[in-house]
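Working notes, beginning with the structure itself.
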Number of protein chains: 2
Amino acid sequence: MKSIQIPTEMKTKLSILACVVLSNHLCVAEDNAPANDWKPAPSNQAGKEYPQFNSEGRVKFRIVAPKAQSVGVSFRDSSPFTKGEDGAWTGYTRPLDEGFHYYTINIDGADVPDPNSHYFYGAGRWGSAVEIPAKDQDFYALKNVPHGQLREIHYFANSSNTNRHAFVYTPPDYDKDTSRRYPVLCLQHGAGEDETGWGNQGHAGLIMDNLIAEGKAKPFIIAMEFGGNPFAGPRRTNEAPAAAGGTNSAAGGPRGNFNFSAFEKALIEDFVPFVDANFRTIADQPHRAMAGLSMGGMQTRAITLAHLDTFSHIGVFSGGSIAVTNITEMAKFKEKVKLVFISYGSRELANRGDRPGFGGDPKANVAALKEAGINSVFYESPNTAHEWQSWRRSLHEFAPLLFKD
Amino acid sequence: MKSIQIPTEMKTKLSILACVVLSNHLCVAEDNAPANDWKPAPSNQAGKEYPQFNSEGRVKFRIVAPKAQSVGVSFRDSSPFTKGEDGAWTGYTRPLDEGFHYYTINIDGADVPDPNSHYFYGAGRWGSAVEIPAKDQDFYALKNVPHGQLREIHYFANSSNTNRHAFVYTPPDYDKDTSRRYPVLCLQHGAGEDETGWGNQGHAGLIMDNLIAEGKAKPFIIAMEFGGNPFAGPRRTNEAPAAAGGTNSAAGGPRGNFNFSAFEKALIEDFVPFVDANFRTIADQPHRAMAGLSMGGMQTRAITLAHLDTFSHIGVFSGGSIAVTNITEMAKFKEKVKLVFISYGSRELANRGDRPGFGGDPKANVAALKEAGINSVFYESPNTAHEWQSWRRSLHEFAPLLFKD
């Protein structure tokens with residue numbers, strides 16, 4: 001799939017020119033009118049023409065609600081929704097960043113999913129999201145290249161006496177040569193998300209398939225567990241997290257809990273050993289990485305620093321950074337850790353760096369790690385915020401740096 | 001998970017007794033009041049208390065819509081929804097069959113998903129469904145037994161020059177002994193559903209895991225492709241069917257198309273060879289079965305009859321049957337076909353048998369096949385209709401009969 005980004009500069013210039021000979025009122029209306037090059041979003045359900053995006057990055061919605069008094073959408077600064085004669089309400093957003101955005105429709109005070117969109121787990125619920133095709137979408141496009149598999153896993157965790165649910169990506173050709181073994185990346189979602197995030201909206205499988213096909217990354221296994229959800233409370237016994245079979249994973253503890261000890265125990269005592277026992281991993285520290293986004297990045301920092309004998313490569317995406325002062329065993333850290341990768345979306349850098357618990361300015365911290373002789377990389381995703389386009393790009397930058405020996 | 005089915009007989013008797021000494025008005029109200037033993041449905045999102053089910057099989061909904069004029073649900077004969085002081089509307093259904101039911105919430109004329117439920121693909125859309133725990137739910141319960149894997153697959157179909165999307169279930173221990181090869185069941189969804197149905201709401205993986213753990217079925221691979229969706233039209237290019245990576249599967253042709261030739265071509269020329277090339281199958285006719293529900297059963301009948309050299313075991317769930325007169329090559333059919341399995345939910349039998357295209361009375365057809373010397377089985381799912389509980393049970397009855405030699 002190719003996105004066609006129609007430049008709007010010429011149109012804007014024509015519009016300004018037109019203002020000279022027209023009234024102010026018309027001029028303002030013309031300047032505020034969104035570019036009329038709407039296309040259905042790739043995140044729509046089959047056969048659905050809405051939501052649509054335009055070349056300005058606006059998103060237009062259409063909700064059939066003939067008897068409603070008001071319809072709106074959760075994107076701030078959206079246009080008022082107006083009802084047509086067909087009973088359908090339409091409205092559109094301000095220009096948004098390219099990439100993936102969660103949203104909710106509101107109908108007379110009820111927050112509901114858009115019946116036209118696909119549904120994703122994020123923001124603490126299964127609900128709507130819209131994809132505005134990004135200029136660099138090619139790196140996660142579905143292509144005719146060898147594909148890995150995203151495998152849904154049920155396993156029993158002895159440490160917590162529960163059935164747990166995870167996804168494991170196996171690289172292309174994993175089943176072709178059954179004597180070959182692979183490194184492993186444990187890859188974590190953010191708060192309000194779950195183990196479906198990286199495989200669904202994160203496109204982790206397609207990102208890896210394409211990198212591997214281009215010879216830019218070594219093939220490795222990606223293991224994705226449920227790291228807890230402080231925004232939704234624990235799962236119901238036997239609940240279906242991915243709408244795919246029951247589970248009673250209970251990691252993460254009660255609502256609002258940012259204590260990662262239960263997840264740390266599940267990961268180290270159950271999940272890593274399960275993956276090593278059931279997949280053809282190279283089951284040693286040099287061939288095991290951990291990364292995560294937002295809360296998953298905080299978990300990665302906490303867990304890798306406490307388990308330097310387990311992980312050699314560390315990725316923290318929009319989840320803080322590692323300061324030299326965080327490292328209590330510097331000699332061991334330098335010996336054991338082959339990569340520290342820190343990333344942020346450019347739009348979140350200004351107000352993220354010094355947040356409590358995030359460990360100070362990330363760029364300065366990476367510079368200090370380099371100074372201390374640690375292989376460290378800082379990546380800034382251009383023109384994106386605390387959203388999935390930043391994290392897709394982060395994985396795309398991080399993966400080629402892994403397991404290079 | 002165990003369902004607690006509280007018997008209501010005693011309560012009803014007490015209620016009738018109470019009527020003797022109370023007014024008619026109170027008596028009617030008491031008789032119509034639903035049993036007050038509501039529990040959250042297992043199909044709810046994490047942390048959501050609604051929908052709830054009770055021992056009568058009613059489902060109660062709660063929708064926060066403070067400014068709405070009316071709220072309802074798509075189940076016929078439901079109670080009116082009433083608004084509480086908290087702005088939440090509640091209402092409940094008539095007693096429903098146990099099992100799984102799609103539904104839609106209506107808010108002031110807008111048909112939307114229930115924000116409290118998990119979402120499933122069926123009825124031509126991703127949307128809400130509710131699970132009323134069935135008395136026999138143990139056969140698809142998540143247990144501490146060895147589990148297979150549900151694998152999401154992208155592959156390129158040369159016959160149609162498209163990327164296609166499928167799911168493949170591999171049995172427990174598939175990766176343990178990589179010299180072992182397995183039979184294959186091609187298992188199809190119904191019209192309005194897609195390749196996610198059997199793995200999600202169908203619980204095909206858990207059904208097989210439990211049967212295999214009990215020694216009741218031989219382990220086999222299940223291959224699930226998209227057989228087309230006459231109710232939703234073709235997929236958008238690069239659309240994400242399972243919200244998991246893009247695809248541009250285009251099987252099934254235009255809206256309303258019940259011509260299966262495109263799917264037959266995709267299945268025989270691309271998918272079966274892909275599965276044989278990429279999984280450790282026993283790639284011959286005696287070890288290949290096909291089954292499907294509703295439209296998938298019609299496809300199974302059409303495709304297996306035309307490809308007796310490809311499939312040896314045939315399962316048609318709520319999708320018609322095979323009459324002796326359908327079989328043009330009886331000698332070959334008797335030589336090649338090891339099993340014909342036909343099933344229906346009991347509530348649909350009365351009005352399904354003689355529908356055009358369904359091939360006549362299914363019980364009589366099975367009896368005639370037996371008479372003709374063909375190993376044939378008829379299964380009737382008790383007290384269920386044209387819904388997933390019939391099809392879960394059908395797979396559970398069908399699987400143990402496969403590949404018995």
Side-chain angles (χ1 to χ4, degrees), chain A residues 1 40 42-47 63-70 87 105 107-113 115 118-120 125-127 141-142 144 147 149-156 163 175 178 199-200 203 205-206 229 232-240 243-248 278-279, chain B residues 1 40 42-47 63-70 87 105 107-113 115 118-120 125-127 141-142 144 147 149-156 163 175 178 199-200 203 205-206 229 232-240 243-248 278-279:
Chain A
M1 185 171 80
S43 43
N44 293 359
Q45 295 195 28
I63 303 293
V64 178
K67 292 180 283 179
Q69 304 299 302
S70 72
I105 294 292
I107 302 174
D108 285 350
D111 285 321
V112 294
H118 274 290
Y119 306 123
F120 305 86
R125 88 292 183 265
W126 284 95
L142 176 66
N144 183 9
H147 293 288
Q149 298 173 356
L150 187 67
R151 306 184 181 191
E152 186 185 7
I153 306 294
H154 295 286
Y155 72 103
F156 191 79
N163 289 300
D175 286 327
T178 55
N200 287 356
H203 296 314
L206 295 175
N229 186 345
R235 288 177 173 167
R236 196 171 307 288
T237 298
N238 217 29
E239 184 204 351
T247 185
N248 47 20
N278 289 276
F279 293 86
Chain B
M1 184 171 77
S43 43
N44 294 358
Q45 294 195 29
I63 303 294
V64 177
K67 291 180 284 178
Q69 304 299 302
S70 72
I105 294 291
I107 302 173
D108 285 349
D111 285 321
V112 294
H118 274 290
Y119 305 123
F120 304 87
R125 87 294 183 266
W126 284 96
L142 175 67
N144 183 10
H147 292 289
Q149 298 173 356
L150 187 67
R151 304 184 182 190
E152 186 185 7
I153 306 295
H154 294 287
Y155 72 103
F156 191 80
N163 290 300
D175 286 328
T178 55
N200 287 357
H203 295 314
L206 295 176
N229 185 345
R235 289 177 172 165
R236 196 172 306 288
T237 298
N238 216 30
E239 183 204 350
T247 185
N248 47 21
N278 289 276
F279 292 86

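Residue numbering restarts at 1 for every chain, and letters A, B, ... go by the order of the sequence lines.
- At a 4.5 Å heavy-atom cutoff, the contact between Ile153(A) and chain B is made by side-chain atoms alone.
- Under the side chain to side chain contact (heavy atoms under 4.5 Å, CB included) criterion, Asn278(A) pairs with Phe274(A), Lys176(B), not counting sequence neighbours.
- In this structure Phe156(A) satisfies the ring-ring contact (aromatic ring centres under 6.0 Å, His included) test with no other residue, sequence neighbours excluded.
- With a 4.5 Å cut-off on non-hydrogen atoms, Asn144(A) touches chain B through its backbone and its side chain both.
- Annotation: maximal heavy-atom pairing with chain A below 4.5 Å, among Gln149(B), His147(B), Gln69(B), occurs at Gln149(B).
- Here the straight-line distance linking atom CH2 of Trp126(A) with atom CH2 of Trp126(B) works out to 8.0 Å at 0.5 Å rounding.
- Here Asp111(B) does not pair with Arg125(B) in a salt bridge; the nearest charged N to carboxylate O distance is not below 4.0 Å.
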